[in-house]
Amino acid sequence: MLQVPFIREHKDLVIARLAKRNIDASKMIDDVIGLDEDRRRMQTELDNTLAELNTLSKEIGGLYKSGEVEKANLLKKKTSQLKEQTKELNESLNATVEALSELLYKIPNVPNEIVPSGNTDEDNEEVYREGDIPVLHEGALPHWELAKKYDIIDFELGNKITGAGFPVYKGKGARLQRALIAYFLDKNTAAGYTEYQLPHLVNEASGFGTGQLPDKEGQMYHVTEDNLYLIPTAEVPGTNIFRDTLLNENDLPIAITGYTPCFRREAGSYGAHVRGLNRLHQFDKVEILRVEHPSQSYNALDGMVNHVKSILQDLKLPYRILRLCGGDLGFTSALTYDFEVFSTAQDRWLEISSVSNFETFQANRLKLRFKNNNGKNELAHTLNGSALALPRVLAGILENYQTEDGILIPEALQSYTGFSKIN
RNA sequence: GGAGGAAUGGCAGAGUGGUCGAAUGCGGCAGUCUUGAAAACUGUUGAGGGUCACACCUCCGGGGGUUCGAAUCCCUCUUCCUCCGCCA
């Protein structure tokens with residue numbers, strides 16, 4: 001959620017930057033400013049009425065004490081009028097506040113200056129590429145075929161137990177998953193991230209805090225009996241650690257990492273691009289998350305990008321980094337870098353990490369602030385990224401490391417898997 | 001799941017209808033003293049809205065109600081504690 005004072009003071013900039021997302025926000029911005037003016041006017045009016053009421057109440061108290069009951073009763077009549085007024089004012093104030101909030105929830109974050117304009121993923125800007133794309137042997141297979149051939153992932157079994165998009169990992173496949181999780185967590189903690197184990201279900205307030213609710217409600221599994229939601233990413237419980245929090249400036253930066261399964265309904269997805277591990281309803285992910293001083297958040301973003309790079313270098317997977325264009329940028333993000341691994345057998349790039357700076361957009365909704373060294377409360381910046389999302393990394397490993405007599409395990413993982421080949 | 005108790009400022013803890021935004025202690029900050037520190041003493045110390053700054057308004061777990069007036073009374077929800085039951 002954008003900050004109203006910021007909108008008021010940088011109206012033109014906000015509109016110009018939002019245009020990168022191909023939205024004309026001028027009307028919404030004018031409405032925000034107008035509603036905010038209304039809000040403040042009503043608030044002042046209400047405050048004055050309440051002040052009058054408070055004074056009268058004190059007077060009445062005094063009159064009762066000195067036994068002047070008649071005078072007191074006279075004043076009481078006056079208060080009932082004022083009370084009626086406050087009731088009305090309160091109602092219109094609430095209506096205005098609600099209208100303002102609803103509008104604010106609809107406005108996405110202001111893209112950073114360097115975000116390219118554009119509509120779709122075709123307009124994303126490739127900023128880096130590394131790693132050789134292997135030349136595969138004759139008869140190389142896509143990962144879902146490999147999974148079957150070596151009996152390490154059973155998609156049909158998942159269909160039976162739950163439904164499409166809930167694969168069962170078996171034997172070395174399961175062990176490789178566990179190895180990846182352990183390796184990612186070790187790598188992240190070595191880089192200064194504190195490991196957390198977080199709840200996999202969250203309440204309404206948390207879903208709201210990170211912006212999944214009310215808009216993307218249909219993307220989460222909802223446990224109606226208890227009104228809880230299965231997390232679509234560790235970002236939700238992870239970021240909500242800091243909901244309604246006032247930190248000290250020297251608490252910053254905060255860096256945490258956590259492994260969680262992620263559950264996504266993915267309503268509306270279909271076709272070849274959802275085959276195999278490409279798109280699942282349940283998958284595993286290790287997330288990194290930072291709370292930063294506003295002056296440091298872009299350095300931190302670069303740091304996160306470098307960290308994810310080093311993981312992919314360790315795994316020796318061919319990858320590229322994209323700077324997302326305005327049209328592809330997530331609602332809450334100001335700047336996002338996507339990492340994609342090349343899936344050789346499918347001949348396409350698969351997104352395996354998304355690293356974003358949300359600036360104050362999440363913090364504002366969460367009320368995540370810190371007391372700066374001047375004693376003023378300031379919104380912190382939040383950032384997060386995947387390090388990494390498992391299924392597509394697994395797909396990348398299976399496909400890129402396949403040989404005629406088995407799938408090799410990247411060296412960096414061998415101490416975690418306990419084997420060096422799947423065959 | 002059943003029975004009972006509780007929720008107040010960073011923490012502890014008073015406060016059961018009116019000068020209570022809230023005593024007191026601890027902690028934090030500033031000062032005096034000291035070469036420096038500790039101790040002692042003095043002062044200061046919640047958040048949000050609003051204002052150039054004041055004024056002013058709101059907030060004593062959340063929501064609603066009674067009253068001229070609520071931290072204090074009523075309803076409701078949530079959380080925590082104790083006991084019983086169940087249980088990885």
Side-chain angles (χ1 to χ4, degrees), chain A residues 1-9 32-101 103-104 197-209 213-214 223-229 237 240-252 254 261 291 360 362-380:
Chain A
M1 186 165 69
L2 294 176
Q3 299 174 79
V4 175
F6 181 83
I7 293 177
R8 219 181 343 175
E9 284 157 36
V32 166
I33 294 171
L35 282 168
D36 182 54
E37 272 166 17
D38 291 347
R39 196 207 98 231
R40 281 182 295 161
R41 201 192 60 240
M42 288 172 183
Q43 182 78 61
T44 309
E45 211 176 318
L46 177 63
D47 286 356
N48 291 339
T49 315
L50 285 172
E52 216 175 312
L53 212 45
N54 286 344
T55 317
L56 281 175
S57 292
K58 273 181 193 158
E59 267 178 57
I60 290 170
L63 288 172
Y64 271 122
K65 247 179 205 164
S66 55
E68 298 171 86
V69 180
E70 276 177 36
K71 273 191 182 174
N73 285 335
L74 216 65
L75 285 184
K76 274 198 198 178
K77 280 189 186 148
K78 227 170 152 184
T79 59
S80 61
Q81 256 182 49
L82 287 172
K83 275 176 81 175
E84 195 57 38
Q85 266 185 50
T86 59
K87 210 176 154 192
E88 283 167 25
L89 280 168
N90 220 337
E91 275 167 19
S92 44
L93 177 66
N94 284 341
T96 307
V97 168
E98 201 175 310
L100 180 59
S101 315
L103 191 54
L104 284 170
Q197 283 199 11
L198 296 160
H200 300 166
L201 279 82
V202 294
N203 59 28
E204 230 174 359
S206 293
F208 184 80
L213 297 175
V223 182
T224 51
E225 175 107 35
D226 299 289
N227 198 24
L228 297 172
Y229 294 85
N240 274 286
I241 292 171
F242 303 103
R243 174 153 46 86
D244 293 318
T245 300
L246 184 61
L247 300 164
N248 291 314
E249 182 159 345
N250 54 19
D251 292 333
L252 303 175
I254 293 170
V291 181
T360 59
Q362 288 184 328
N364 192 26
R365 206 186 253 215
L366 290 164
K367 291 208 182 73
L368 162 53
R369 295 159 304 166
F370 65 95
K371 198 173 274 298
N372 69 22
N373 290 335
N374 299 323
K376 288 268 185 206
N377 297 333
E378 223 181 299
L379 290 172

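Chain identifiers are assigned alphabetically (A, B, ...) following the order of the sequence lines, protein sequences preceding nucleic acid strands; residue numbering begins at 1 within each chain.
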Student: Looking at B:rU19, which nucleotide sits across from it as a Watson-Crick or G-U wobble partner, both distances under 3.5 angstrom, or is there none?
Tutor: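 When the pairing criteria are applied, nothing turns out to pair with B:rU19, so the answer is none.
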Student: Please state the C1' separation for the pair B:rG10 and B:rU66 - nearest whole angstrom.
Tutor: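 Straight-line distance between the two C1' atoms is 35 Å.
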Student: Report the base-pairing partner of B:rC80 (Watson-Crick or G-U wobble, both distances below 3.5 angstrom), or none.
Tutor: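 B:rG5 - that is the nucleotide pairing with B:rC80, both distances being under 3.5 Å.
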Student: Write down the partner of B:rG10 under the Watson-Crick or G-U wobble criteria, each distance required to be under 3.5 Å.
Tutor: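 In the structure as shown, B:rG10 has B:rC26 as its Watson-Crick or wobble partner.
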Student: Find the distance A:Glu37:CD to B:rU51:C1' and express it as a whole number of Å.
Tutor: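 Rounded to whole Å, this separation is 16 Å.
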Student: Would you mind reporting whether A:Asn54 and A:Lys58 have side-chain heavy atoms less than 4.5 Å apart?
Tutor: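 No. Closest side-chain heavy atoms not under 4.5 Å.
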Student: Working to the nearest 0.5 Å, report the span between OG1 of A:Thr86 and CG of A:Asn48.
Tutor: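 Here the rounded value is 12.5 Å.
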Student: When the distance from CG of A:Leu379 to P of B:rG48 is rounded to whole Å, what number comes out?
Tutor: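 Those two atoms, CG and P, are 10 Å apart.
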Student: Return the value, rounded to whole Å, for the distance between atom CD of A:Glu378 and atom P of B:rA47.
Tutor: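 Whole-Å distance recorded here is 15 Å.
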Student: Determine the interatomic distance between P on B:rA70 and the same-named atom on B:rG21; round to the nearest Å.
Tutor: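 Rounded to whole Å, the distance is 11 Å.
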Student: Using the C1' atom on both, measure B:rC20 against B:rA71 and round to a whole Å.
Tutor: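 About 8 Å, rounded to a whole number of Å.
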Student: In whole Å, measure the gap between the P atoms of B:rA7 and B:rC56 for me.
Tutor: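 These two P atoms come out 31 Å apart once rounded.
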Student: In whole Å, what separates the P atom of B:rU19 from that of B:rU72?
Tutor: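 Approximately 13 Å lies between the P atom of B:rU19 and that of B:rU72.
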Student: Could you tell me which residues satisfy side-chain hydrogen bond (donor to acceptor under 3.5 Å, both in side chains) with A:Thr49, sequence neighbours excluded, listed by chain and number?
Tutor: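 For A:Thr49, no residue satisfies side-chain hydrogen bond (donor to acceptor under 3.5 Å, both in side chains) once neighbours in sequence are set aside.
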Student: Measure the distance from CD on A:Gln81 to P on B:rC68 and round it to the nearest whole Å.
Tutor: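 Rounded to the whole Å, the gap is 15 Å.
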Student: In whole Å, what is the span from the CD atom of A:Glu45 to the C1' atom of B:rG49?
Tutor: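 Rounded to the whole Å, the gap is 16 Å.
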Student: Determine: side-chain N/O of A:Arg369 to OP1/OP2 of B:rG48, distance under 4.0 Å, yes or no.
Tutor: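 Yes, A:Arg369 has a side-chain N/O under 4.0 Å of OP1/OP2 on B:rG48.
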Student: Write down the distance separating the P atoms in B:rA22 and B:rU44, rounded off to the nearest Å.
Tutor: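 That atom pair is separated by 13 Å.
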Student: For nucleotides 18-21 of chain B, print each protein N/O atom paired with a nucleotide N/O atom at under 3.5 Å, atom names and distance only.
Tutor:
residue	atom	partner	partner atom	Å
B:rG18	N2	A:Ser57	O	3.0

Student: Please report the distance, rounded to the nearest Å, between NZ in A:Lys87 and C1' in B:rU66.
Tutor: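 So the NZ-C1' distance, A:Lys87 to B:rU66, works out to 14 Å.
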Student: Going by the rule side-chain hydrogen bond (donor to acceptor under 3.5 Å, both in side chains), which residues pair with A:Glu59 if we only count those two or more places apart in sequence or in a different chain?
Tutor: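 Residues passing side-chain hydrogen bond (donor to acceptor under 3.5 Å, both in side chains) with A:Glu59: none at all.
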Student: Please tell me if A:Arg39 has a side-chain N or O lying less than 4.0 Å from either OP1 or OP2 of B:rG50.
Tutor: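 Looking at the OP1 and OP2 atoms of B:rG50, one of them is under 4.0 Å from a side-chain N or O of A:Arg39.
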Student: Mind checking A:Arg41 for me? I need base, sugar-phosphate or nothing, with any heavy atom below 4.0 Å counting as a touch.
Tutor: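 A:Arg41: no heavy atom of the nucleic acid under 4.0 Å.
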Student: Between B:rA40 and B:rA53, how far is it from one P atom to the other, in whole Å?
Tutor: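 Between the two P atoms, the distance is 40 Å.
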Student: Applying side-chain hydrogen bond (donor to acceptor under 3.5 Å, both in side chains), name anything that partners A:Glu98, two or more places apart in sequence or on another chain.
Tutor: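 By the side-chain hydrogen bond (donor to acceptor under 3.5 Å, both in side chains) rule, A:Glu98 matches no residue at all.
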Student: How do A:Asp36 and A:Lys371 order along RNA chain B: which one's closest nucleotide is nearer the 5' end?
Tutor: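 With A:Asp36 and A:Lys371 compared, the 5'-side residue is A:Lys371.
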Student: Could you pull out all residues at least two apart from A:Phe6 that satisfy ring pair (Phe, Tyr, Trp, His ring centres under 6.0 Å)?
Tutor: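 With neighbours one apart ignored, the set is A:His10.
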Student: What is the distance from CG of A:Leu93 to C1' of B:rG48, rounded to the nearest Å?
Tutor: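 My rounded result for the distance is 14 Å.
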Student: Under a 3.5 Å limit for both distances, which nucleotide forms a Watson-Crick or G-U wobble pair with B:rA53, could you say?
Tutor: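 None - no nucleotide pairs with B:rA53, as no candidate has both distances under 3.5 Å.
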Student: Counting only Watson-Crick pairs (N1-N3 plus N6-O4 or O6-N4) and G-U wobbles (N1-O2, O6-N3), all under 3.5 Å, who is the partner of B:rC86?
Tutor: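 The answer is none; no pair meets the criterion.
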Student: List in chain and number order the residues that pass side chain to side chain contact (heavy atoms under 4.5 Å, CB included) with A:Asn90, two or more places apart in sequence or in another chain; answer none if no residue qualifies.
Tutor: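 Per chain and number, A:Asn90 pairs via side chain to side chain contact (heavy atoms under 4.5 Å, CB included) with A:Leu46, A:Asn94.
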Student: Considering only nitrogen or oxygen atoms on both sides, find all protein atoms under 3.5 Å from nucleotides 56-60 of chain B and state each distance.
Tutor:
residue	atom	partner	partner atom	Å
B:rC57	OP1	A:Asn54	ND2	3.1
B:rC57	O2'	A:Asp47	OD1	2.9

Student: If we call it a pair only when both distances are under 3.5 Å in a Watson-Crick or G-U wobble match, what pairs with B:rA40?
Tutor: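 Pairing partner, where one exists within any strand: B:rU32.
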Student: Can you run down the salt bridge (Lys or Arg N to Asp or Glu O under 4.0 Å) pairs that involve residues 73-92 of chain A, sequence neighbours left out, and say none if there aren't any?
Tutor: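 As it turns out, there is no salt bridge (Lys or Arg N to Asp or Glu O under 4.0 Å) pair with a partner in residues 73-92 of chain A once direct neighbours are skipped.
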Student: In this structure, how many angstroms lie between the C1' atom of B:rG49 and the CG atom of A:Leu100, rounded?
Tutor: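 Checked: the CG to C1' distance equals 13 Å.
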Student: Would you tabulate the pairs of protein nitrogen or oxygen atoms and nucleotide nitrogen or oxygen atoms of nucleotides 72-80 of chain B closer than 3.5 angstrom?
Tutor:
none

Student: Would A:Glu204 and A:Asn227 satisfy side chain to side chain contact (heavy atoms under 4.5 Å, CB included), going step by step from the backbone distance to the final call?
Tutor: CA-CA 7 Å; A:Glu204 230 174 359; A:Asn227 198 24; 3.3 Å; yes
Student: Does the side chain to side chain contact (heavy atoms under 4.5 Å, CB included) test come out yes or no for A:Ile254 and A:Ile241, once each step is laid out?
Tutor: CA-CA 11 Å; A:Ile254 293 170; A:Ile241 292 171; over 6 Å; no
Student: Using a heavy-atom cut-off of under 4.0 Å over every strand shown, decide if A:Lys367 touches base, sugar-phosphate, or nothing.
Tutor: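 Touches nothing.
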Student: Please list all pairs passing the side chain to side chain donor-acceptor pair (under 3.5 Å) test where one or both residues lie in residues 32-41 of chain A, with sequence neighbours left out.
Tutor: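 Of all non-adjacent pairs touching residues 32-41 of chain A, those that pass side chain to side chain donor-acceptor pair (under 3.5 Å) are A:Asp36-A:Arg39, A:Asp36-A:Arg40, A:Asp38-A:Arg41.
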Student: Can you name the residues that form a side-chain hydrogen bond (donor to acceptor under 3.5 Å, both in side chains) with A:Lys367, not counting sequence neighbours?
Tutor: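 None.
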Student: Quote, to the nearest angstrom, the P distance that separates B:rG61 from B:rC68.
Tutor: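 Here B:rG61 and B:rC68 have their P atoms 25 Å from each other.
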Student: Test of understanding: with ring pair (Phe, Tyr, Trp, His ring centres under 6.0 Å), list the residues that count as partners of A:Phe208, not counting sequence neighbours.
Tutor: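 Only A:Tyr105 meet the ring pair (Phe, Tyr, Trp, His ring centres under 6.0 Å) criterion with A:Phe208.
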Student: Is there a donor-acceptor contact under 3.5 Å from the side chain of A:Asn248 to the main chain of A:Asn250?
Tutor: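 Side chain of A:Asn248 to backbone of A:Asn250, a donor-acceptor pair under 3.5 Å: no, none is there.
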